[in-house]
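Just below is one structure, and these are the notes that go with it.
Reckoned from all heavy atoms, side chains included, excluding hydrogens, waters and symmetry mates. Order of the sequence lines sets the chain letters (A, B, ...), proteins ahead of strands, with each chain counted from 1.
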Amino acid sequence: MIQSNQPNVYESIYLVVAQIPIGYVTSYGRIANMIPGSSARLVARAMSQIPDDSTIPWYRVVSSTLKIAKFPGSDRQRVKLISEGVKISEGLKINPSHLWKPG
DNA sequence: CGTTTGACGCGGC
DNA sequence: AGCCGCGCCAAAC
């Protein structure tokens with residue numbers, strides 16, 4: 001459980017996202033549940049703020065249904081995940097075996 | 001300051 | 001299965 005000792009919640013969100021291992025994904029809601037004072041929508045908003053040149057693996061965060069969210073950068077997200085070995089079906093559905101289980 | 005935003009989640013139908 | 005409505009909540013405006 002990560003507390004928001006950081007100056008703002010975004011910092012905490014980014015710290016958690018940075019922990020997601022290569023080849024794994026988690027959801028906006030699951031991240032939010034680890035950070036008091038956060039919410040799925042806030043996590044989504046935080047992801048949208050990350051610049052392209054950032055080292056934060058924003059593309060490892062998907063919706064609770066394990067589908068890649070529909071947004072302008074969805075294609076890049078799909079490509080990046082596939083390059084890490086993540087199996088994605090036609091409906092942009094990620095194989096549950098890639099779900100990150102912290103601990 | 002008050003209002004809107006957002007790549008969401010989930011229950012209900 | 002999919003769509004709709006509401007709750008969520010700090011940040012951005």
Could you check which residues of residues 78-94 of chain A get a heavy atom under 4.0 Å from DNA chain B? Sort them by number, please.
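The stretch gives none, as no residue of it lies under 4.0 Å from the strand.
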
Pull out every residue in residues 96-103 of chain A that has a heavy atom closer than 4.0 Å to any atom of DNA chain B, ordered by number, or say none.
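Result for residues 96-103 of chain A: none.
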
Mind calculating the distance between [atom1] ([X]) and [atom2] ([N]) to the nearest angstrom?
{"X": "A:Glu11", "N": "C:dA11", "atom1": "CD", "atom2": "P", "result": "10 Å"}
{"X": "A:Tyr10", "N": "C:dA10", "atom1": "OH", "atom2": "P", "result": "11 Å"}
{"X": "A:Ile31", "N": "C:dC9", "atom1": "CD1", "atom2": "P", "result": "16 Å"}

With sequence neighbours excluded, tell me which residues meet side-chain contact (heavy atoms from CB on, under 4.5 Å) with A:Pro51.
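side-chain contact (heavy atoms from CB on, under 4.5 Å) list for A:Pro51, sorted by chain: A:Asp53, A:Ser54.
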
Return the set of residues passing side-chain contact (heavy atoms from CB on, under 4.5 Å) with A:Arg78 (not counting sequence neighbours), or none when no residue passes.
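A:Arg78: side-chain contact (heavy atoms from CB on, under 4.5 Å) contacts with A:Ile68, A:Asp75, A:Ile82, A:Ile88, A:Leu92.
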
Start with the C-alpha gap between A:Ile20 and A:Val25, add the side-chain angles, then the distance that decides, and say whether side chain to side chain contact (heavy atoms under 4.5 Å, CB included) holds.
CA-CA 7 Å; A:Ile20 308 174; A:Val25 301; 5.8 Å; no

Name all pairs fulfilling the salt bridge (charged side-chain N to carboxylate O under 4.0 Å, His left out) condition that reach into residues 55-70 of chain A, sequence neighbours left out, sorted by first residue then second.
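Listed once each, the pairs are A:Arg60-A:Glu84.
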
Pairs flagged by salt bridge (charged side-chain N to carboxylate O under 4.0 Å, His left out) wherever residues 88-103 of chain A is involved - sequence neighbours left out
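Listed once each, the pairs would be none.
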
If you assign A:Ser38 and A:Lys67 each to the DNA chain C nucleotide with the nearest heavy atom, which residue ends up on the more 5' nucleotide?
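Whichever sits nearer the 5' end wins; that is A:Lys67.
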
I would like to know whether A:Trp58 and A:Arg76 meet side chain to side chain contact (heavy atoms under 4.5 Å, CB included); could you show each step before the answer?
CA-CA 11 Å; A:Trp58 54 269; A:Arg76 291 193 346 257; 3.7 Å; yes

Can you build the contact string for nucleotides 7-13 of chain B? Use B for base contact, S for sugar-phosphate-only contact, and - for no protein heavy atom under 4.0 Å.
BBSS---

Considering residues at least two apart in sequence or located in another chain, which fulfil the side-chain hydrogen bond (donor to acceptor under 3.5 Å, both in side chains) criterion with [X]?
{"X": "A:Ser27", "result": "none"}
{"X": "A:Ser97", "result": "A:Asn95"}
{"X": "A:Ser64", "result": "none"}

Show every donor-acceptor pair shorter than 3.5 Å between a side-chain atom in residues 34-49 of chain A and any protein atom, with sequence neighbours excluded, or say none if there are none.
| unit_1 | atom_1 | unit_2 | atom_2 | d |
| --- | --- | --- | --- | --- |
| A:Ser39 | OG | A:Leu42 | N | 3.2 |
| A:Arg45 | NH1 | A:Tyr10 | OH | 2.9 |
| A:Ser48 | OG | A:Arg45 | O | 2.6 |

